Protein chains: 2
Amino acid sequence: MVTTEEILAAAQRHLNVDPRASMAVLASAAGVGRATLHRHFASRDALLHELGTRSLDRWEASLDAADPESVEGAADSGDAARITACLQEMFARFLADSDDFGFALTDSYLTSADDLLARSDALVDRETHLYAAAQRAGVLRDDVPTRWLGHAVYGLLVAARDAIRDGDVARRDLDALVMSTFLDGAGPR
Amino acid sequence: MVTTEEILAAAQRHLNVDPRASMAVLASAAGVGRATLHRHFASRDALLHELGTRSLDRWEASLDAADPESVEGAADSGDAARITACLQEMFARFLADSDDFGFALTDSYLTSADDLLARSDALVDRETHLYAAAQRAGVLRDDVPTRWLGHAVYGLLVAARDAIRDGDVARRDLDALVMSTFLDGAGPR
DNA sequence: CCAATCTGAGACAATAATGTCTCACAGAGA
DNA sequence: TCTCTGTGAGACATTATTGTCTCAGATTGG
């Protein structure tokens with residue numbers, strides 16, 4: 001028996017490649033009849049909305065894991081090592097999510113529903129606060145807009161997903177690679 | 001009168017937001033009747049294919065501008081400054097393309113047609129050679145896979161597009177910001 | 001003014017997708 | 001064996017999309 005989770009995973013995987021995939025295609029991609037797919041999700045919109053919700057849930061959990069409140073405290077006390085560890089943890093979770101959940105942060109079904117969009121904005125704000133704290137603590141450079149850091153992280157996540165997809169980077173190296181590229185860049189050591 | 005170029009630009013802009021946009025939507029997005037849209041592009045596939053071709057043309061032109069052959073030569077002679085300038089030029093062109101053309105590098109209509117996919121692969125290889133030369137010349141770190149550098153650049157282009165879209169970075173600062181983030185990272189200066 | 005050209009609106013048939021439904025059937029458990 | 005639940009296949013009406021076509025009106029250029 002195919003679980004709802006498996007259907008969602010298959011759907012996301014497939015929608016990443018072909019955003020126009022129909023319910024019939026999504027059903028067979030999940031190894032399930034079209035009727036069964038409709039038993040899990042009344043409509044295509046419902047499926048997309050659930051996919052968006054799951055993505056935001058993961059994102060939120062990753063932010064929780066980074067524990068922004070304690071980061072704020074650490075920023076005040078200048079505990080750079082603590083903040084670096086938080087960032088590392090958060091990145092690792094982002095990467096893990098993009099692993100087994102696909103990668104839906106900016107995908108189209110996120111920007112379609114207002115409630116998802118609002119939630120997404122709120123999470124962006126939370127994450128931005130974290131980067132701002134990191135800047136104050138001297139962990140991240142403060143000569144660039146704080147929000148740029150968030151975009152750069154997102155971009156590196158895209159890079160990580162693509163690199164794994166193409167087999168250009170081993171999964172076990174990915175966390176360190178992303179963190180190192182983010183902090184140190186690609187210039188000579 | 002609306003030119004084919006304007007139609008393509010509008011279509012790309014719209015498809016970036018909603019990949020499922022119908023011909024009717026694309027037509028009105030371009031401020032044009034549906035019949036007129038079909039006069040420019042016989043089918044939806046034809047439109048998508050043209051969009052993909054244009055993207056690859058731009059990409060190729062940017063690679064040409066970076067003049068990889070001379071980069072190869074510079075790598076051998078260790079002319080780091082020359083290579084850095086090539087990278088800078090190429091990035092600037094990439095960013096300019098994402099400006100007025102949208103941003104279609106990995107979009108779905110690229111991966112659908114075999115000829116576009118093959119061309120894309122060839123361009124990836126060319127670009128990879130450039131990064132490899134940069135690594136040999138000591139302009140880019142050589143402790144990471146060469147292909148990772150390409151993915152990282154692409155990710156930063158995504159970041160740049162999003163940052164501009166959200167108004168988080170001024171356009172005039174973008175080139176330097178992307179270059180600096182790529183080479184130096186986001187860690188403290 | 002006039003002709004040639006291009007346009008948008010919309011009719012049209014063909015096709016694809018959606019959502020609902022029924023039904024036969026397989027497997028699990030009593 | 002006998003339910004019982006869930007499944008896949010597929011029929012079905014509805015709607016959306018596609019691609020083609022015609023036609024009246026606007027624009028352009030002579």
Side-chain angles (χ1 to χ4, degrees), chain A residues 1-55 102 104 106-117, chain B residues 1-55 100-102 104 106-117:
Chain A
M1 166 174 155
V2 180
T3 66
T4 301
E5 305 303 317
E6 290 167 338
I7 291 178
L8 282 169
Q12 180 135 41
R13 220 175 307 124
H14 213 272
L15 285 169
N16 278 339
V17 178
D18 175 19
R20 267 173 77 92
S22 69
M23 289 295 267
V25 170
L26 261 25
S28 74
V32 114
R34 204 166 65 90
T36 304
L37 178 56
H38 268 99
R39 280 181 198 110
H40 287 267
F41 302 98
S43 70
R44 193 177 195 275
D45 268 358
L47 170 60
L48 264 44
H49 194 276
E50 182 61 26
L51 238 22
T53 300
R54 299 297 183 100
S55 304
T106 52
D107 286 340
S108 48
Y109 40 86
L110 228 178
T111 58
S112 59
D114 283 347
D115 56 337
L116 296 184
L117 205 49
Chain B
M1 165 171 156
V2 180
T3 67
T4 300
E5 306 301 317
E6 289 166 339
I7 291 179
L8 282 168
Q12 180 136 43
R13 220 176 305 125
H14 212 272
L15 285 169
N16 279 338
V17 178
D18 175 20
R20 266 174 76 92
S22 68
M23 290 295 268
V25 170
L26 261 24
S28 73
V32 116
R34 202 166 66 89
T36 304
L37 179 55
H38 270 100
R39 279 182 199 111
H40 288 267
F41 302 98
S43 70
R44 194 176 193 276
D45 268 357
L47 170 60
L48 264 45
H49 194 276
E50 182 61 25
L51 238 21
T53 299
R54 300 298 183 99
S55 302
D100 53 26
F101 193 60
T106 52
D107 286 341
S108 47
Y109 40 86
L110 228 177
T111 59
S112 60
D114 282 347
D115 57 336
L116 296 183
L117 205 50

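Letters A, B, ... are given to chains in the order of the sequence lines, protein chains preceding strands, and every chain is numbered from 1. Fair warning: this is a prediction, and the values are worked out from it, not measured in the lab.
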Identify which nucleotide among dT17(D), dG10(D), dG10(C) has an atom closest to any side-chain atom of S22(B), counting heavy atoms from C-beta outward.
dT17(D)
E5(B) to R54(B) - nearest heavy-atom pair and separation
OE1-NH1, 2.6 Å
Ignoring hydrogens, what is the shortest heavy-atom contact between V32(A) and L37(A)? Give both atom names and the distance.
CG1-N, 3.9 Å
Regarding the side chain of M23(A), the nearest nucleotide among dT18(C), dT7(D), dA9(D) is dT18(C)
Go through dC6(C), dT20(D), dG19(C) for me and flag the one nearest to the H38(B) side chain.
dT20(D)
Where the side chain of R44(B) is concerned, which of dG8(C), dT18(D), dT7(C) is the nearest nucleotide?
dT18(D)
So, for G31(B) and V2(B), which heavy atoms are closest and what is the spacing to 0.1 Å?
O-CG2, 4.2 Å
Ranking H40(A) and A35(B) by the position along DNA chain D of their nearest nucleotide, the one closer to 5' is H40(A)
Identify the two heavy atoms, one from T3(A) and one from H40(A), that lie closest to each other, and give their separation to 0.1 Å.
C-CE1, 4.4 Å
Rounded interatomic separation in angstrom, taking CG from L37(B) and P from dA9(C)
13 Å
Between L47(B) (CG) and dT17(D) (P), how many Å, whole number?
16 Å
Starting from P on dG8(D), measure out to CZ on R39(A) and report it in whole angstrom.
8 Å
From dT18(C), dG10(D), dT20(D), nucleotide with atom closest to R34(A) side chain
dT18(C)
How long is the line joining CG of L48(A) and C1' of dT18(C), in whole Å?
14 Å
Considering only heavy side-chain atoms of R20(A), the closest of dT17(D), dA17(C), dC6(C) is dT17(D)
Taken to the nearest whole Å, CG/L15(B) to C1'/dT17(D) is 15 Å
d(CG, L26(B); C1', dA16(D)) in whole Å
15 Å
